[in-house]
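Shown next, in structure tokens, is the structure this report addresses.
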Amino acid sequence: MTSSRVPSLLTVLFSDLRQQKLVLLLLSCILATALAVIYIAHANRLLTIERDELLSQRDEIDIEWRHLQIEQTALTEHSRVERIARQRLGMVRPEGEQEVLVPWQ
């Protein structure tokens, strides 16, 4: 009885991989590229979400700014200031002879 030795499966696989180094290199490049594409797509989505949030925040701030401008215009309206000066402070417009001009230096 002669027993022939059959190589194990792992030995055969590693032997084949050593012979196909270029295929193994290309496979690892494909996997690295696929992982890079996934990472970049995820980063791009995060940046797009952040940009949309910032644009929304900018729009809200712009609306608030317009409201504040309208409020400032209403508060500084001449007739309102004059009315408050008369009612709350008892101020009156001076007559011509009461006006004093201060010279500019």
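Keep in mind it's a predicted model, so treat the numbers as computed, not measured.
At most 12 non-hydrogen atoms from other residues, nucleotides or ligands lie less than 6.0 angstrom from CD of Glu64.
You'll find the side chain of Ile63 stays beyond 4.5 Å of the side chain of Glu60, heavy atoms only.
Qualifying side chain to side chain contact (heavy atoms under 4.5 Å, CB included) partners for Gln72, counting only residues two or more places apart in sequence or in other chains: Thr76. For Arg83, there are no side-chain hydrogen bond (donor to acceptor under 3.5 Å, both in side chains) partners, not counting sequence neighbours. Listed by chain and residue number, nothing satisfies the side chain to side chain contact (heavy atoms under 4.5 Å, CB included) test with Val81 (two or more places apart in sequence, or in another chain). Applying the salt bridge (Lys or Arg N to Asp or Glu O under 4.0 Å) rule to Glu77 yields no partners; only residues at least two apart in sequence or on another chain are considered. In this structure, the side-chain hydrogen bond (donor to acceptor under 3.5 Å, both in side chains) partners of His78, at least two apart in sequence or on a different chain, are Glu82. Taking Asp62 as the reference, Arg66 meet the salt bridge (Lys or Arg N to Asp or Glu O under 4.0 Å) condition, with sequence neighbours excluded. With sequence neighbours excluded, no residue satisfies salt bridge (Lys or Arg N to Asp or Glu O under 4.0 Å) with Arg80. Residues satisfying the side-chain hydrogen bond (donor to acceptor under 3.5 Å, both in side chains) test with Thr73, not counting sequence neighbours, are none. Glu99 is linked by a side chain to side chain contact (heavy atoms under 4.5 Å, CB included) to Pro94, counting only residues two or more places apart in sequence or in another chain. Considering only residues two or more places apart in sequence or on other chains, Gln57 meets the side chain to side chain contact (heavy atoms under 4.5 Å, CB included) condition with Leu54, Ile61.
Connectivity analysis of hydrophobic side chains (ILVMFWY, heavy atoms under 4.5 Å, direct or indirect) links Met91 to Leu89.
One finds the CG atom of Leu9 at 4.5 Å from the CG atom of Leu13 (value rounded to the nearest 0.5 Å).
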Which donor-acceptor pairs under 3.5 Å do side chains of residues 25-51 form with protein atoms, sequence neighbours excluded?
unit_1	atom_1	unit_2	atom_2	d
Ser28	OG	Leu24	O	3.4
Ser28	OG	Leu25	O	2.7
Thr33	OG1	Cys29	O	2.8
Thr48	OG1	Asn44	O	2.8

